[in-house]
Amino acid sequence: MKKLTLIVLLQMFAFTAIFAQTDLMQNTYNREKTTLNGKWKVIIDPYDNGSYSYRLDRFDEMSRSPRSAYYMDAKAKDKTDRMEYDFDTAETLMVPGSWNMQNDKYYWYEGSMWYRRLFTFNKKAENNEVFVRFEGANYKTHVYLNGKKLGQHVGGFTPFEFNITDLLREGDNSLVVVVNNMRHRDAVPTVNTDWFNYGGLTRDVFLYEVPQQHITDYKIQLKKNQPNEIGVKIATNGMAAGAKVQLNIPELKISKELTVDSNGEISTSVKVRKISYWSPSNPKLYDVELVAGADHLKDQIGFRTIAVDGSKILLNGEQIFLKGISIHEENPIRGDRAFSEDDARTMLGWAKELGCNFVRLAHYPHNENMLRMADEMGMMVWEENPVYWTIAWENEETYKNAKNQLAEVMTRDKNRASVIVWSMANETPPGEARDIFLKKLVAFTKAHDDTRLLSAAMEKHKDKKNKKIMIVDDKFAEHVDLLSFNEYIGWYTGKPTSSEKIIWKIKYDKPVIISEFGGGALAGFHGDETTQWTEEYQAAIYREQMKMLSKIPQWAGATPWILTDFRSPRRPLGGIQDGYNRKGLISETGEKKKAFFILQNFYKNK
Ligand code: GCB
C-alpha cells in the first residue's frame with residue numbers, strides 16, 4: 001500500500017515537472033463528446049439556502065433533512081412529505097449562456113444559481129473512464145453528481161473537469177451545479193472591472209469517454225529557436241514503463257513509435273527538414289495523430305517560431321509588425337458572452353476585415369473555439385490572465401488563484417500555433433508587492449513554456465515638469481519580452497491632436513506594443529472632430545495616434561481598444577453609453593464606425 005502511494009506521488013510529481021499543474025485533459029476538443037448543452041433546470045439562491053453542507057450559520061441547520069440540500073435533487077415522497085424545492089417544476093435556462101441575458105429579472109443578479117441536468121450515458125467499453133467537462137463558469141462553481149460532490153472550481157474563464165466513472169449510474173443521472181458570480185476583493189479579477197459580470201454556465205458542458213489507459217497531456221510544438229526540431233512531450237495516466245505511443249504526422253512523413261518512461265511520460269524531439277511554417281499568410285495546420293493502446297487522438301497543429309531580437313519581433317525568423325485589435329469575449333449582436341465557433345468566426349472575421357494579423361483576447365482567457373479558429377484563420381493571439389487593475393497583491397490565496405487560472409489556459413492552449421504571447425496582467429500599478437506577485441507568475445510561465453513571448457499591459461506616466469513628455473519605465477518590463485502599455489492620449493489625456501507634440505521616453509530596447517489606445521463614439525452620432533462621442537472625434541484619435549506612434553523607433557505593433565462596443569456597468573451616460581463602453585470600432589448592432597476605416601487603411605499600407 002505504502003509503495004503504491006509512493007509511486008502515485010512520484011508520478012504526480014513527474015507530471016507536474018514537465019506540465020503546468022492542472023488536472024485538465026489535453027485536446028478534449030477532438031475527443032468524442034456527448035453534449036450537455038441545452039436546457040437546464042435552475043433555481044435562484046441569493047441566500048445560499050440550497051448549500052446544506054456548507055451552511056453553518058443557522059442553529060437549526062443540523063436538524064434539517066440532508067435532502068433539503070439542492071444538490072440532492074430530492075422529491076417529496078408523498079403528500080405528507082415537505083420539500084421546499086423541486087427542479088422538475090423549476091424554470092429553465094439555456095446552457096451555454098449567462099443568466100443575465102436570458103431573463104430581465106436576472107440582469108443585475110450577482111449570487112448563486114443552481115443548475116440541474118438529467119442525462120443517461122452508456123459506456124462503449126466497460127473499463128472506459130468518463131469525465132464531465134465545463135469549458136467555463138463564472139465565477140465559483142461546485143459540482144455534484146447523483147448527490148455526491150465532485151469538486152469545485154474558481155475562476156470564470158478557464159475549463160475544469162471531473163472523472164465521474166465511479167458515480168455514474170445506469171439510467172438517469174442528476175448533475176447539479178451551483179455557480180456564484182459574486183465579486184470579491186481577494187478574487188481574480190477583483191471587485192472592479194470595466195466589463196459586465198456575466199454569471200452562470202457561459203460555455204459548453206459535455207461528457208467524454210476515454211479508454212482506461214489514455215493520454216492525458218501533450219505538447220507538440222517547435223522547440224525554442226529550433227525551426228527544424230519538433231519537441232514532443234506526452235503524459236499518460238500512468239502507463240507502464242516500456243509501453244508504446246505512436247506519433248504520426250503523415251504530411252511530414254513522421255511515424256514514430258515512442259516509449260513511455262517509468263513516470264508514464266515521453267520527452268523527446270523529432271528532426272524535420274522541410275516544414276510549411278504557420279503564419280498569418282500561411283495558416284498551415286498538420287494532422288497529428290497519437291495512438292496509445294486503445295486511445296486514439298487527433299489534433300491539428302501548426303509549427304512556427306516566435307522570438308525577439310532587440311526591438312524586433314521575429315515570426316519564423318522574419319520581422320513582423322503586429323497589426324492587432326483588442327477583443328472582449330462578447331458577441332455584441334447576440335448580446336452575451338461569446339462561446340461558439342460561430343461567435344469566433346464573427347469576431348475574428350471582423351478582425352480580418354480590419355486587416356489584422358493579431359488579436360489581444362482581453363482581459364481573461366477566451367473560449368477554446370477562439371483559439372482553434374485563430375489557428376485556422378492565421379491570427380496571432382495574445383492571451384491574458386485576469387490580473388486586472390489593483391488586485392490583492394499581498395494575499396497568497398490570490399496569487400495561487402491567479403497562477404492556477406494561468407496554468408489552466410496554458411495547459412489548454414499550449415499546442416496552438418496562434419498563441420504567441422502570454423500576458424500576465426493589465427494596468428497594474430507598480431509597487432513592491434505587485435512586482436513580487438508578477439515576477440512569480442513570470443517564473444512559473446517560463447518554467448512551463450519557453451516557446452512563447454511574455455508580456456503585460458503596463459502604463460505610462462507624465463514627466464513631472466513637462467507634460468508633453470510621456471515616460472514608460474515600469475520596472476516589471478525587465479522581466480518580459482514585449483514592452484506593452486496602454487495610453488489614451490486624445491481621450492483621457494488631452495485632445496486627439498495633443499498626440500502631435502508628445503515626446504516618448506521609453507526606457508527599454510524591447511519591441512513596443514501599444515496594448516490599448518482609443519476613444520468612445522456612438523455609432524451614427526456625427527459632428528466635428530472636437531465634439532465628444534462623435535464618430536469624427538474617435539476617427540481623429542485614430543488618425544493622430546498613427547502619426548504619433550509611427551515616430552516611436554521600437555514600435556512593433558498595437559491592439560487598439562477595442563473591436564466592438566461592450567457592456568459595462570461603469571458606463572451609465574444616458575443616450576450615449578446606456579451601459580456600453582463605446583470605444584468599439586463596431587457598434588453592438590454591427591455598424592462600423594469611421595475609425596474602423598482609418599485603422600483598416602493604416603493596416604493595409606503598413
Ligand atoms: C483601460 C482598461 C480597459 C478599459 C479601458 C477604457 O485601460 O484596460 O479594460 O475598458 O481602459 O475604456 O477605459
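Since we're looking at a predicted model, the values are computed, not measured.
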Can you check side chain to side chain donor-acceptor pair (under 3.5 Å) on Asp336 and Ser98, steps first, answer last? CA-CA 7 Å; Asp336 200 348; Ser98 71; 2.9 Å; yes
Short side-chain donor-acceptor distance under 3.5 Å, Glu135 and Asn367: no
I'd like to know if Glu396 and Lys400 make a salt bridge, using a cut-off of under 4.0 Å between side-chain N and carboxylate O. no
Locate the shortest heavy-atom distance separating Tyr85 from Ala74; write the atom from each residue and the value. OH-N, 2.8 Å
Output, in order, the C-alpha distance, side-chain angles, deciding distance and verdict of side chain to side chain contact (heavy atoms under 4.5 Å, CB included) for His366 and Phe157. CA-CA 7 Å; His366 291 210; Phe157 305 98; over 6 Å; no
Non-hydrogen atoms of Leu201 and Tyr115 that approach each other most closely: N-OH, 3.4 Å
Within the distance-only criterion (no hydrogens, no angle test), does the side chain of Arg571 pair as donor or acceptor with the backbone N or O of Ile576 below 3.5 angstrom? no
In this structure, is the centre-to-centre distance between the rings of Trp533 and Phe525 below 6.0 Å? no
Ring centres under 6.0 Å, that's the criterion: do His363 and Trp561 meet it? yes
Looking at Leu563 and Met347, what are the two nearest heavy atoms and their distance? CD2-O, 3.5 Å
Please determine if Glu376 and Arg416 form a salt bridge, counting it only when a charged side-chain N lies under 4.0 Å from a carboxylate O. no
Using side chain to side chain contact (heavy atoms under 4.5 Å, CB included), reason through Trp99 and Tyr109 one step at a time and then give a plain yes or no. CA-CA 8 Å; Trp99 59 66; Tyr109 181 58; 3.5 Å; yes
Donor-acceptor pair between Asp342 and Asn369 side chains, under 3.5 angstrom: no
Are Tyr388 and Thr190 packed together at the side-chain level, in the sense that at least one heavy-atom pair is separated by less than 4.5 angstrom? no
Without swapping roles, check the side chain of Arg133 against the backbone of Phe162 for a donor-acceptor pair under 3.5 Å. no
Has Tyr106 got a side-chain atom pairing as donor or acceptor with Ile44's backbone, closer than 3.5 angstrom? no
Taking it one step at a time, do Val387 and Phe437 satisfy side chain to side chain contact (heavy atoms under 4.5 Å, CB included)? CA-CA 10 Å; Val387 173; Phe437 190 109; 4.2 Å; yes
Tell me whether the guanidinium CZ or amine NZ of Lys33 lies under 6.0 angstrom from the six-membered ring centre of Tyr29 and within 45° of its axis. yes
For the backbone of Ala521 and the side chain of Lys593, can you confirm whether one donor and one acceptor N or O come within less than 3.5 Å of each other? yes
Does a side-chain heavy-atom distance below 4.5 Å link Thr193 with Phe196? no
Which of these, Leu207, Leu24, Val143, Asp23, sits in a side-chain contact (heavy atoms from CB on, under 4.5 Å) with Glu161? Leu24
Side-chain heavy atoms of Pro569 within contact of Trp195, under 4.5 Å: no
Please evaluate residues Asn163 and Glu129 with respect to the criterion side chain to side chain donor-acceptor pair (under 3.5 Å), reporting the C-alpha separation (whole Å), side-chain torsions for both, the decisive distance (0.1 Å), and the verdict. CA-CA 7 Å; Asn163 188 328; Glu129 298 195 346; 3.2 Å; yes
I'd like to know if the side chain of Gln405 and the backbone of Val188 have a donor-acceptor N/O pair within less than 3.5 Å. yes
Report yes if the distance between the aromatic ring centroids of Tyr542 and Phe597 is under 6.0 Å, otherwise no. no
Do NZ/NE/NH1/NH2 and the carboxylate oxygens of Lys583 and Asp565 come within less than 4.0 Å? no
Would you say Asn385 and Trp422 make side-chain contact, with heavy atoms under 4.5 Å? no
Check step by step if salt bridge (Lys or Arg N to Asp or Glu O under 4.0 Å) holds for Glu32 and Lys124. CA-CA 11 Å; Glu32 205 182 311; Lys124 292 216 177 79; 2.7 Å; yes
Donor-acceptor under 3.5 Å (Asn357 side chain, Lys323 main chain): yes
Between Lys75 and Asp81, is there a salt bridge with N-O shorter than 4.0 Å? no
Check: Thr398/Asp186 side-chain N/O donor and acceptor closer than 3.5 Å: no
For the ring pair Tyr70 and His142, is the centre-to-centre distance below 6.0 Å? no
In this structure, CG of Asp578 is separated from CG of Leu522 (nearest 0.5 Å) by 8.0 Å
d(Asp48 CG, Asn180 CG) to nearest 0.5 Å is 6.0 Å
Could you tell me whether the side chain of Glu588 and the main chain of Phe566 form a donor-acceptor pair under 3.5 Å? no
Go through it in stages, so that I can follow the logic: the residues are Ile327 and Leu348, the test is side chain to side chain contact (heavy atoms under 4.5 Å, CB included), and I'd like the CA-CA distance, side-chain angles, deciding distance and then a yes or no. CA-CA 9 Å; Ile327 303 182; Leu348 294 178; 4.2 Å; yes
Pair Asp73 + Arg67, salt bridge at N-O below 4.0 Å: no
Give a yes or no on whether a salt bridge exists between Arg372 and Glu368, defined as a side-chain N under 4.0 angstrom from a carboxylate O. yes
Taking the six-membered ring of Phe87 as reference, does the cationic atom of Lys41 (NZ for Lys, CZ for Arg) lie under 6.0 Å from its centre and within 45° of its axis? no
Between Asn173 (side chain only) and Thr120 (backbone N and O only), is there a donor and an acceptor less than 3.5 Å apart? no
Test side chain to side chain donor-acceptor pair (under 3.5 Å) on Glu487 and Gln545; report intermediate values, then the result. CA-CA 10 Å; Glu487 53 93 359; Gln545 281 280 330; 3.2 Å; yes
Honestly, is Lys592 close enough over Phe596, meaning NZ or CZ under 6.0 Å from the six-membered ring centre and within 45° of the axis? yes
If only atom types and distance count, is the side chain of Asn401 paired as donor or acceptor with the main-chain N or O of Glu397 below 3.5 Å? no
Distance-only, no hydrogens or angles: does the Ser515 side chain make a donor-acceptor pair with backbone N or O of Phe485 under 3.5 Å? yes
Test side chain to side chain donor-acceptor pair (under 3.5 Å) on His153 and Tyr139 and set out the steps. CA-CA 8 Å; His153 181 259; Tyr139 168 80; over 6 Å; no
Should Glu384 and Arg360 count as an ion pair when the cut-off is N to O under 4.0 Å? yes
